[in-house]
2 protein chains.
Amino acid sequence: MDAAAADERLDRAFMALADPVRRSILARLSRGPATVTELAEPFDITTQAVSKHIQVLESAGLVTRSRDAQRRPVHLDAAALETLTEWIDRYRLIHEQRFRRLDALLASADGGDAAASAEQD
Amino acid sequence: MDAAAADERLDRAFMALADPVRRSILARLSRGPATVTELAEPFDITTQAVSKHIQVLESAGLVTRSRDAQRRPVHLDAAALETLTEWIDRYRLIHEQRFRRLDALLASADGGDAAASAEQD
DNA sequence: TAGTTGATCAAGCGATTGGTTGAATAATGG
DNA sequence: CCATTATTCAACCAATCGCTTGATCAACTA
């Protein structure tokens with residue numbers, strides 16, 4: 001998978017998580033697979049709408065589907081979720097490491113000027 | 001913060017991350033604060049557009065802003081990023097725990113029927 | 001004070017989103 | 001075969017998104 005494709009997959013994955021209905025669906029799926037009808041039950045929207053939500057989740061790689069007669073059970077793909085936390089953590093950790101360096105610098109300095117120059121790093 | 005407000009903040013945060021330009025801005029900010037003009041430089045879009053992107057990130061709680069003459073430096077808020085990884089990890093871990101239980105069950109069983117009934121849990 | 005720089009506001013535009021209703025497809029079971 | 005069940009397709013709609021251009025606001029500086 002090239003960088004552009006990975007980027008587009010991140011786009012879709014985060015976009016998928018931006019909707020409360022889809023997050024709720026994922027929460028349900030974390031407890032085991034479910035059909036479209038089952039997933040639609042808690043919501044005041046049509047099964048068609050839920051079917052679309054599932055397609056969004058599937059194209060984001062967050063869920064997969066199997067077959068059971070006329071049913072199409074939906075399964076959570078935890079590996080995709082892990083990819084997302086990895087992406088977030090990457091920048092979070094860089095940022096926090098930077099802060100730790102700044103803190104160390106401030107602790108060993110007297111005035112505030114040192115802090116201002118360190119801020120530009 | 002009540003549950004609905006937290007939900008809306010999650011909406012906005014994930015939505016904010018769904019755009020490659022905004023993710024790129026966050027990546028830049030993980031290395032230190034920057035002004036709107038500086039953040040706009042790598043992109044082929046107007047500073048107005050970047051300004052809007054920053055407003056999206058700010059309303060999602062992912063960045064904060066300070067003042068320096070006519071400049072408005074943008075700072076990463078790593079705490080908000082941590083909230084997101086926590087949300088994702090919650091469901092990911094529930095799901096993986098469930099799988100571990102299923103694996104254990106399968107390891108101690110003979111046929112596939114036990115798996116089918118465990119699947120419903 | 002006038003000009004310049006940095007950023008935002010405002011209005012508009014094409015594309016996309018989340019939802020609907022209605023019809024079609026697929027697989028089961030009497 | 002026929003009716004039922006589970007799901008998807010198709011067309012449409014209001015709202016929102018990302019971006020643009022043009023104007024405005026705020027603060028520094030010659």
Original post:
Which heavy atom in A:A80 sits nearest to a heavy atom in A:L62, and how many Å separate them?
Top reply: CB-CD2, 3.8 Å
Original post:
So, A:R90 and A:E86, do they make that salt bridge, N to O below 4.0 Å?
Top reply: no
Subject >> DNA chain D: 5'-most and 3'-most nucleotides touching chain A, 4.0 angstrom heavy-atom criterion >> reply: D:dT5 to D:dA11
**OP:** Look up atom NE2 in A:H75 and atom CD in A:E58, then write down how far apart they are to the nearest 0.5 Å.
**Re:** 10.5 Å
**OP:** For residues B:H95 and B:Y91, establish whether the separation of their ring centroids is below 6.0 Å.
**Re:** no
Original post:
Taking B:R72 for the side chain and B:S66 for the main chain, is one N or O donor matched with an acceptor at less than 3.5 Å?
Top reply: yes
**OP:** For the pair B:R23 (side chain) and A:D7 (backbone), establish whether a donor and an acceptor sit closer than 3.5 Å, ignoring hydrogens and angles.
**Re:** yes
Any side-chain heavy atom of [X] within less than 4.5 Å of one from [Y]?
{"X": "B:L17", "Y": "B:L84", "value": "yes"}
{"X": "A:L76", "Y": "B:R92", "value": "no"}
{"X": "A:I54", "Y": "A:R65", "value": "yes"}

Original post:
When you match A:P73 and B:R67 each to their closest nucleotide on DNA chain D, which lands nearer the 5' end?
Top reply: A:P73
**OP:** Take the protein atom CZ of A:R71 and the nucleotide atom P of C:dA27, then report the distance between them rounded to whole Å.
**Re:** 12 Å
Original post:
Mind checking whether A:F14 and A:W87 have parallel, tilted or perpendicular rings, split at 30° and 60°?
Top reply: perpendicular
**OP:** May I ask you to list the residues of residues 43-56 of chain A, by number, that have any heavy atom positioned under 4.0 Å from an atom of DNA chain D?
**Re:** A:Q48, A:S51, A:K52, A:Q55
Original post:
Which ones in residues 4-22 of chain A lie close to DNA chain C, meaning a heavy atom under 4.0 Å from one of its atoms?
Top reply: A:M15, A:D19, A:R22
